[in-house]
2 protein chains.
Amino acid sequence: MTNRLEDLLSTLQAAATLEDLQAVLEGLRDHYKVEHTVYHWVNSVGERYGAGTYSAEWVDRYLEKDYLRLDPVIFGCFQRFTPVSWTELDWSSKPAREMWQDALDHGLGNQGYTIPIRGPNGQFALFTLNASLGDKEWAQFIGDNSRDLMILGHEFNKKALEFEQGGDEGSVPSLSPRELASMSCLAKGMSRAQAAAELNISEHTLRVYIESARHKLGAMNTTHAVARALSSGLIII
Amino acid sequence: MTNRLEDLLSTLQAAATLEDLQAVLEGLRDHYKVEHTVYHWVNSVGERYGAGTYSAEWVDRYLEKDYLRLDPVIFGCFQRFTPVSWTELDWSSKPAREMWQDALDHGLGNQGYTIPIRGPNGQFALFTLNASLGDKEWAQFIGDNSRDLMILGHEFNKKALEFEQGGDEGSVPSLSPRELASMSCLAKGMSRAQAAAELNISEHTLRVYIESARHKLGAMNTTHAVARALSSGLIII
DNA sequence: ATGAAACTCCCCATATATAGCGAGGTTGCG
DNA sequence: CGCAACCTCGCTATATATGGGGAGTTTCAT
C-alpha cells in the first residue's frame, strides 16, 4: 500500500519538464483506474497552467463558455480548506446543472474529488480525480486514498511551482526594519501623520522610508508598495 | 507505523474544544519525543490563535519583543510552500541571532520543523515541531515522519478552523465585481485615472467603488482597503 | 577601520486622493 | 411589481501624498 505511494512520488520527483508532469498525471489515472486526473493552477497575475487528461475539446469548451466563473467545484474549493467530493457541492443553479450535463457529454465521469491547494502570494491550485462509479464505491475509494491523494496533490503542486517560479522568486527585495515598519503601519490603515507618530519620527522621515521601500519594491505608488509587500510576505497585517 | 498515525488522527477527530486541541499537541510532543509542538494561526484581520507546549514566558516574550516581525521561521514559511527545517533558514541578521539565543534560553530545542498551511480568506497557520537533536538525527527524523506530519498539520488546521469559523468567518465582506476589479487595479499600482481607463468608466465612478469597498472592508483609506482585500484573499495581485 | 546602508531631519511646489453634495438607469430577487 | 443593490455620471473644495532638492549621525559587516 505505502509502496505504491512511494513509487508514484518518486516518479513525480524525477519529473524534469512540464511534459513529465503531464505523464505523471496519466500514470496516476491508470494507477487509480479513474477516468481523469487533473491539476490546474492560478497564479497571482491570473495566468493559468493546467495539465491533465481531459480532452482538448472539453478544456476548450470550459474556457470558451467561461465555466470557470460558475463551476461549483471552483467556487466550493475557493471557500473551503478541505477536499471535496463533487456530489457534496451545490448544483442547484441552472447554469451549474447545464455545465454538469455538458461535462458528462464530454467524457467526464459522474464522480469527482478535488483537493484545494494554496501557496504563497495567493497561489491557488486544484488537484482533481474524476471517475465513473456509484456513490458507495466512490466513497470507499476516497476513504481508502484520501491521505495519499493529499500528499500527491501537494507534491505535485510543489513540482509545478518549481517550474513556474524560475524567473521571479529571487526578486523579493529586502526592506530595512524601518521600511518594513512603515509599510506595516500603512497596511494597518494609518495615515502618514499617524504612522509617523506611531514610529516616533517626523513625517518627512517616514516619507523617506516609504519612498525607498517603493523603489525597492518597484512600486508605482504607496498602495502598490503595500500590496507588494503584503503579497510577498514581507509584512503581515 | 501507519497505525500510529491513525491513532493520532482519531484523537484529533475526537477533539471537541480548544482545550482538547491543546491536549492533542501535548500528546504529539510525547509521542514523537520532541521538546515542543506548536500550532498557530493568523487570520486576515491580524487576530491570532495559538496552542502548543511553549512556556508561557516564551510566548509572552515572543509577543512583547515583537519577534513575529523578524522571526526567520515566519518569514521563510510565508514565502514558501514547502515545510522547512529551521537550520535551512537565514539566521545571519543580528536580531535573528539574538532571538535564536533567547529562544534557546527559554527552553526551545536547537532543531525545528515548520509546516506552512494556507486556508481560505488568506488564512495562514504554522504547525511546528521543536526538538534537541543533532543535525543528522533530525534529518532522519524528518525524513521518516514528514508525510505524517503534513497530514497531521492539515487535519489539525481543519479542526482549528472549525472552532474559529463560528465568529469571524461571516465577517469577510463580499465586494461587488466592480469593487473587486477596482481594488485589483489599485493593488497592481494603477492610479485612479489609469484604473478608470482600464475599467472604461469615469474616474468618479471608480471612486464610488473604492469608497464603497472601503466601507465594506472597514478600512480607513484606500491603501488599507487594498491591504485588507489582499490579505482576505478577495483579490490577488 | 572604513565604507555602505540605514536612520534622521528640513523646504517647496505640484499631483492626487478624499469628502461632501446629488441623480438616473439596470439587474435580480421575492 | 417593488425594493435593494449594483452601475454609471457630474461638480467643488480641501486634505493628503508625491517629487525634487540637500545633509548630518549612527550602525553594522567585511
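These figures come from a predicted structure and were not determined experimentally. Proteins come first, then strands; the chains are lettered A, B, ... in the order of their sequence lines, and each starts at number 1.
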How many Å lie between [atom1] on [X] and [atom2] on [N], as a whole number?
X      : N      : atom1 : atom2 : value
A/E211 : C/dT16 : CD    : C1'   : 14 Å
A/N200 : C/dC7  : CG    : C1'   : 14 Å
B/Q194 : C/dA15 : CD    : P     : 15 Å
B/N221 : C/dA17 : CG    : P     : 12 Å
A/E203 : D/dA17 : CD    : C1'   : 9 Å
B/E179 : D/dT8  : CD    : P     : 11 Å
B/I210 : C/dT16 : CD1   : P     : 14 Å
A/I201 : D/dT26 : CD1   : P     : 18 Å

Whether [X] contacts [N] is assessed here as follows: a side-chain N or O lying under 4.0 Å from the phosphate OP1 or OP2. Is that the case?
X      : N      : value
A/S202 : C/dC9  : yes
B/Y209 : D/dT8  : yes
B/R214 : C/dA19 : yes
B/T205 : D/dC9  : yes
B/K216 : D/dA5  : no

> What's the closest nucleotide to the A/S176 side chain, out of C/dC9, D/dC28, C/dC7?
Replying inline: C/dC7

> Would you say the base of D/dG20 and the side-chain of A/R207 have a donor-acceptor pair closer than 3.5 Å?
Replying inline: yes

Ring-plane angle category for [X] and [Y], please: parallel below 30°, perpendicular beyond 60°, tilted otherwise.
X     : Y     : answer
B/Y67 : B/Y62 : perpendicular
A/Y54 : A/H36 : perpendicular
A/Y49 : A/W41 : perpendicular

> Any side-chain heavy atom of B/L186 sitting closer than 4.5 Å to one from A/H224?
Replying inline: no

> If you pin B/H204 and A/M190 to their nearest nucleotides in DNA chain D, which one's is more 5'?
Replying inline: B/H204

>> If you assign B/P95 and B/L175 each to the DNA chain D nucleotide with the nearest heavy atom, which residue ends up on the more 5' nucleotide?
In response: B/L175

> Counting any heavy atom closer than 4.0 Å, what does A/S212 reach on the DNA or RNA strands: base, sugar-phosphate only, or nothing?
Replying inline: nothing

>> As a quick check of understanding, evaluate side-chain contact (heavy atoms from CB on, under 4.5 Å) for B/S231 and B/F124, giving each step before the final call.
In response: CA-CA 10 Å; B/S231 68; B/F124 181 66; over 6 Å; no

